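The block underneath contains the structure these notes are about, expressed in structure tokens.
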Amino acid sequence: MGIISLIALFPILLLLLSSFRPSSELMRSGISLTFDWADLNLDNYLYIFSQADGYWTWYANSLLISALTIILSLFFSSMVGYALAVYDFKGRNLFFGFVVFILMVPFEILMLPLFQMMISAQLVDTYAGVILPLIVAPIAVFFFRQYALGLPKQLMDAARIDGATEYGIFFKIMLPLMTPSLGAMAILQGLGSWNNFLWPLIVLRSNDMFTLPIGLATLLTPYGNNYDVLIAGSVMTIIPIIILFIFFQRYFIEGLTVGGVKG
């Protein structure tokens, strides 16, 4: 496992070391381990913190969009998955079949009708235009449904006898039991939203609305490539994902071991 971890971390190590190299050195030898250690400096990071136009605006946009996507996706997807798992209503299997079918449809096929919807709703170049199509993710609905199938329905019956409403049962009893699944999906949804490039590229128009993947891509132009800023900026984008994983990893691990109730 240690060897596999080193292999996986090797590209990140190269990226980190290259972020301390001057642009002239990067253009001459590229991203490699063959460089002069004496040339390493903090100039790229100092430039990002003091002079890089738009970088922190892109950073803030990505943080806001990712945070809203995680919160809204967990809220709505967990409700849909829970309903498909515990309630017996007409058309439930058909509805779940649609969810599974959408899982098999590539996003590239859905882009055009989604974009037309954003135009009709006048949500182009807005945060809502990026977030709304992603808040009920089929993979999240499927995941929550599978997890909710293992929840003890006896707790629901006991709560109904005590006079609890269906919303009260979900938010006060069942949702806390789904905490491990929420933590796991928070990591997956956060990672997907943070790295999402194609959909924000289609919806967003102005430079002040760009997310980090789009903003960093604008540094590569036919008239000049700011590889030094691009690489240093890419290293900075890893920090929120690491924080997200550290915060939710215990819930993810707990999801592998925790059941509903002990018989």
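None of the values given here were measured: they were computed from a predicted structure. Note: hydrogens, waters and symmetry copies are ignored here, and every other heavy atom, side chains too, is used.
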Cluster check F10, L6: I/L/V/M/F/W/Y, side chain < 4.5 angstrom
no
With distance as the sole test, does D208 use its side chain to make a donor-acceptor pair with the main-chain N or O of T57 at under 3.5 Å?
no
Let me see the working for L155 and I169 under side chain to side chain contact (heavy atoms under 4.5 Å, CB included), right down to the final yes or no.
CA-CA 9 Å; L155 293 178; I169 293 172; over 6 Å; no
Considering non-hydrogen atoms only, spot the tightest contact between L198 and E108 and give its length.
CD2-OE2, 4.2 Å
Using atom types as modelled, flag every donor-acceptor pair under 3.5 Å from a side chain in residues 92-104 to any protein atom, sequence neighbours excluded.
unit_1: R92; atom_1: NH1; unit_2: Y87; atom_2: O; d: 2.9

Separation of I173 CD1 from L151 CG (nearest 0.5 Å):
11.5 Å
N44 side chain vs S19 backbone, donor-acceptor pair below 3.5 Å:
yes
Do the side chains of S78 and S181 get nearer than 4.5 Å, heavy atoms only?
no
Around atom OH of Y167, are there more than 12 heavy atoms of other residues, nucleotides or ligands at under 6.0 Å?
no
Gap separating the CE atom of M111 from the CH2 atom of W199, nearest 0.5 angstrom:
8.5 Å
So, do I139 and F143 sit near enough that their side-chain heavy atoms are less than 4.5 Å apart?
no
Under the 3.5 angstrom rule, does the side chain of W58 hit a backbone N or O of N207 as a donor-acceptor pair?
yes
Pairwise distance CG(L68) to CG(L134) - rounded to 0.5 angstrom:
11.5 Å
Kindly indicate, with the supporting measurements, whether the criterion side chain to side chain contact (heavy atoms under 4.5 Å, CB included) is fulfilled by F210 and L201.
CA-CA 8 Å; F210 285 169; L201 179 65; over 6 Å; no
Is there a donor-acceptor pair closer than 3.5 Å between any side-chain N or O of T218 and the backbone N or O of G215?
yes
Going through the distances and angles, do L182 and L175 end up as a side chain to side chain contact (heavy atoms under 4.5 Å, CB included)?
CA-CA 9 Å; L182 294 173; L175 192 61; 3.9 Å; yes
Could you walk me through whether V136 and V141 pass the side chain to side chain contact (heavy atoms under 4.5 Å, CB included) test, one step at a time?
CA-CA 7 Å; V136 184; V141 172; 3.9 Å; yes
Is M236 close to L212 at the side-chain level, that is, under 4.5 Å between some pair of heavy atoms?
no
Checking N41 side chain against D43 main chain: does a donor-acceptor pair fall under 3.5 Å?
yes
Least distance between heavy atoms, A8 atom then P11 atom
O-CD, 3.4 Å
For atom CD1 of I239, decide whether the heavy atoms of other residues, nucleotides or ligands shown that lie under 6.0 angstrom number more than 12.
yes
Got a second to check how far L191's CG is from I187's CD1, nearest 0.5 Å?
9.0 Å
Any donor-acceptor N/O pair, S77 side chain to A140 backbone, under 3.5 Å
no
Within-4.5 Å side-chain heavy-atom neighbours: L110 and V105:
yes
Under 4.5 Å between side-chain heavy atoms, hopping through other hydrophobics if needed: is there a path connecting I7 to I12?
no
Do L149 and Y147 share a hydrophobic cluster (ILVMFWY, side-chain heavy atoms under 4.5 Å, transitive)?
no
Atom OG1 in T69, atom CG in L72: separation rounded to 0.5 Å?
7.0 Å
Please check if atom CZ in F171 has more than 12 non-hydrogen atoms from other residues, nucleotides or ligands closer than 6.0 Å.
yes
Give a yes or no on whether the backbone of T211 and the side-chain of N61 come within a donor-acceptor separation of less than 3.5 Å.
no
Any chain of hydrophobic side-chain contacts (each under 4.5 Å) joining V203 to L112?
no
Can you get from I238 to L9 by hopping between Ile, Leu, Val, Met, Phe, Trp and Tyr side chains that sit under 4.5 Å apart?
yes
Look only at the side chain of S18 and the backbone of L15, and say whether a donor-acceptor pair between them is shorter than 3.5 Å.
no
Nearest atoms (heavy-atom pairs only) where S62 meets P213:
OG-CD, 4.1 Å
Shortest non-hydrogen contact between A85 and K153, atoms and distance:
O-NZ, 3.9 Å
Do W194 and Y59 pass the ring-ring contact (aromatic ring centres under 6.0 Å, His included) test, and can you show the C-alpha distance, the side-chain angles, and the key distance before you say yes or no?
CA-CA 10 Å; W194 184 259; Y59 211 102; 5.7 Å; yes
Counting N and O atoms only, with roles assigned by atom type, does the side chain of S193 sit under 3.5 Å from a partner on the main chain of Q189, one being a donor and the other an acceptor?
no
From M209 CE over to I214 CD1, what is the distance, rounded to the nearest 0.5 angstrom?
10.0 Å
Is it the case that the ring center of F144 lies less than 6.0 angstrom away from the ring center of Y82?
no
Non-hydrogen side-chain atoms of T237 and L216 separated by less than 4.5 Å
yes
Tell me if the centroids of the rings in W56 and F49 come within less than 6.0 Å of each other.
yes
